[in-house]
Number of protein chains: 2
Amino acid sequence: MAAEARRGPYICGLDAAMDVVSGKWKSLILWELHHHGVRRFGELRRGLPGVSEKMLIQHLREMAEDGLVHREVYREVPPRVEYSLTEHGTSLNEALRALGAWGTARRQRLAAETPLNQVAG
Amino acid sequence: MAAEARRGPYICGLDAAMDVVSGKWKSLILWELHHHGVRRFGELRRGLPGVSEKMLIQHLREMAEDGLVHREVYREVPPRVEYSLTEHGTSLNEALRALGAWGTARRQRLAAETPLNQVAG
DNA sequence: CCCAATACTTACCACCAGGTGAGTATTGAA
DNA sequence: TTCAATACTCACCTGGTGGTAAGTATTGGG
């Protein structure tokens with residue numbers, strides 16, 4: 001349970017990458033940490049509306065195991081824990097840029113196709 | 001149920017992109033179609049060891065709805081159906097290249113960290 | 001003594017992605 | 001009439017992901 005692959009062995013590189021970002025909130029966590037540099041647990045929770053504490057800590061722990069985020073604990077009262085991207089997390093975010101751009105184009109396509117419906121769920 | 005987003009509205013572009021590739025076999029299907037150009041249903045099934053017919057057709061239908069793959073039906077006996085990437089599917093594959101490269105680097109990192117364990121599940 | 005604040009931790013539960021295995025439709029060949 | 005081949009289609013089931021809500025540990029302040 002230390003620093004090993006959860007679902008490996010992987011078939012290809014895409015597998016290995018999708019594994020570490022699969023999780024409802026992981027790409028958002030990546031995004032949040034990328035934009036703020038360092039964030040405390042509570043800041044992340046408030047920054048991701050709808051996330052449960054359970055999933056937030058679970059995702060953060062997995063991402064720490066995967067070497068994407070750094071977890072710094074300050075033994076104070078009340079406790080303080082700070083999360084930040086590691087070098088690997090930063091490079092993953094960069095590797096996701098093209099995908100994010102593709103998704104943005106897709107959103108614009110969808111909005112153009114259904115101009116009256118784009119906001120309604 | 002035509003060409004609309006399944007989980008939208010999306011928070012960001014990454015959401016919109018992750019949505020269309022989330023699915024156990026979708027990135028593999030993308031890869032397979034990218035490398036072979038055109039593939040029949042049975043060829044895809046044999047090319048993705050372990051996939052169930054149910055999930056393969058389900059993923060292919062969703063990807064067709066999302067405009068990633070083109071489905072060409074030949075009304076012959078026995079029936080023949082050919083799948084290929086659309087322009088959007090091709091561009092998505094290109095957008096995934098950086099992510100695949102990152103994953104390949106991660107695999108190499110994992111193999112270097114646990115040299116005796118890299119093959120065992 | 002109790003509460004506040006923070007960062008979890010745990011138990012329980014619902015939903016859905018995905019797997020299994022059987023069935024369908026079509027038509028030519030034996 | 002039955003079978004083969006292809007591409008599904010359907011019913012059923014399991015496991016895992018994620019949500020909910022309550023509990024824990026710590027210590028200073030009122």
Side-chain angles (χ1 to χ4, degrees), chain A residues 1 4-8 11 15 18-30 32-33 36 38-66 69-84 121, chain B residues 1 5-8 10-11 15 18-30 32-33 36 38-66 69-84 121:
Chain A
M1 209 186 283
E4 61 174 340
R6 279 186 304 280
R7 300 192 242 285
I11 298 176
D15 260 2
M18 292 299 295
D19 186 21
V20 302
V21 287
S22 71
K24 189 170 178 180
W25 305 93
K26 283 191 180 176
S27 58
L28 283 312
I29 292 173
L30 241 29
E32 189 79 3
L33 290 179
H36 292 275
V38 176
R39 296 234 95 180
R40 300 180 58 172
F41 179 83
E43 289 173 335
L44 283 172
R45 173 163 38 87
R46 287 185 289 273
L48 303 173
V51 72
S52 65
E53 295 188 335
K54 174 197 158 192
M55 287 318 298
L56 182 56
I57 189 66
Q58 183 175 311
H59 281 170
L60 284 170
R61 288 279 161 87
E62 288 176 0
M63 293 168 82
E65 276 182 13
D66 290 335
V69 310
H70 173 69
R71 183 167 176 268
E72 188 75 37
V73 181
Y74 298 88
R75 301 206 125 278
E76 310 169 347
V77 170
R80 179 161 61 106
V81 181
E82 288 184 348
Y83 295 90
S84 56
Chain B
M1 207 187 282
R6 279 186 305 282
R7 301 192 239 285
Y10 301 120
I11 298 175
D15 260 2
M18 292 298 295
D19 186 21
V20 301
V21 286
S22 70
K24 190 171 177 180
W25 305 93
K26 284 193 180 175
S27 57
L28 283 313
I29 292 173
L30 241 30
E32 189 79 2
L33 290 179
H36 292 276
V38 175
R39 296 235 96 181
R40 299 180 58 173
F41 179 82
E43 290 174 335
L44 282 170
R45 173 162 39 84
R46 287 186 289 273
L48 303 173
V51 72
S52 65
E53 295 190 334
K54 175 194 157 195
M55 285 320 296
L56 181 55
I57 189 65
Q58 184 175 309
H59 281 171
L60 285 170
R61 289 279 161 86
E62 288 176 1
M63 293 167 81
E65 274 183 15
D66 290 336
V69 310
H70 174 69
R71 182 168 176 267
E72 188 75 37
V73 181
Y74 298 88
R75 299 204 127 278
E76 310 169 349
V77 170
R80 181 161 60 105
V81 182
E82 289 183 349
Y83 295 92
S84 56

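Quick caveat, the model's predicted, so the values are computed rather than measured. All chains are named by letter (A, B, ...) in the order of the sequence lines, taking the proteins before the strands, and each is independently numbered beginning at 1.
Remark: P of D:dT17 and CG of A:L56 are 17 Å apart, rounded to the nearest angstrom. The interatomic distance linking A:R75 (CZ) with D:dT27 (C1') rounds to 13 Å, in whole Å. The CD-P distance, from A:Q58 to C:dA11, rounds to 14 Å in whole Å. Atom CG of A:L28 is separated from atom C1' of D:dG18 by 15 Å (rounded to the nearest Å). Between A:M55 atom CE and C:dC8 atom P the separation is 15 Å, expressed in whole Å. Per the geometry, CZ belonging to B:R39 stands 16 Å off C1' belonging to D:dT6, to the nearest Å.
Looking at heavy atoms from C-beta onward, B:R45 lies out of side-chain contact with B:R39 at the 4.5 angstrom threshold. Looking only at side-chain heavy atoms (C-beta outward), A:V20 and A:K26 stay at 4.5 Å or farther from each other.
Defining each end axis of the helix from C:dC1-D:dG30 to C:dA30-D:dT1 as the rotation carrying four pairs' C1' atoms onto the next four, with five pairs an end, the two axes are found to diverge by 40° to 10 degrees.
Between the CZ atom in B:R46 and the CD atom in B:E32 there is a gap of 11.0 Å [rounded to 0.5 Å]. Summarising the geometry, atom CE belonging to A:M63 is positioned 14.0 Å from atom CZ belonging to A:R71; distances are rounded to the nearest 0.5 Å. We find the CZ-CZ distance between A:R80 and A:R40 to be 6.0 Å, quoted to the nearest 0.5 Å. Note that the CD1 atom of B:I29 and the CG atom of B:L60 stand 4.5 Å from one another [nearest 0.5 Å]. One distance of note links NE2 of A:H59 with CG of A:L48; it measures 10.5 Å at 0.5 Å rounding. Taking CD from B:E82 and CD from B:E43, the interatomic distance works out to 8.0 Å, rounded to the nearest 0.5 Å.
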Protein N or O to nucleotides 7-11 of chain D N or O, pairs below 3.5 Å:
unit_1	atom_1	unit_2	atom_2	d
D:dA7	OP1	B:R40	NE	3.0
D:dA7	OP1	B:R40	NH2	3.0
D:dA7	OP2	B:G42	N	3.1
D:dC8	OP1	B:R61	NH2	3.2
D:dC8	OP1	B:R71	NH2	2.5
D:dC8	OP2	B:Y83	OH	2.8
D:dC8	N4	B:E53	OE1	2.5
D:dT9	OP2	B:R61	NH1	2.8

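Using a 4.0 Å cut-off, no side-chain N or O of A:H59 falls inside it from OP1 or OP2 of D:dT17.
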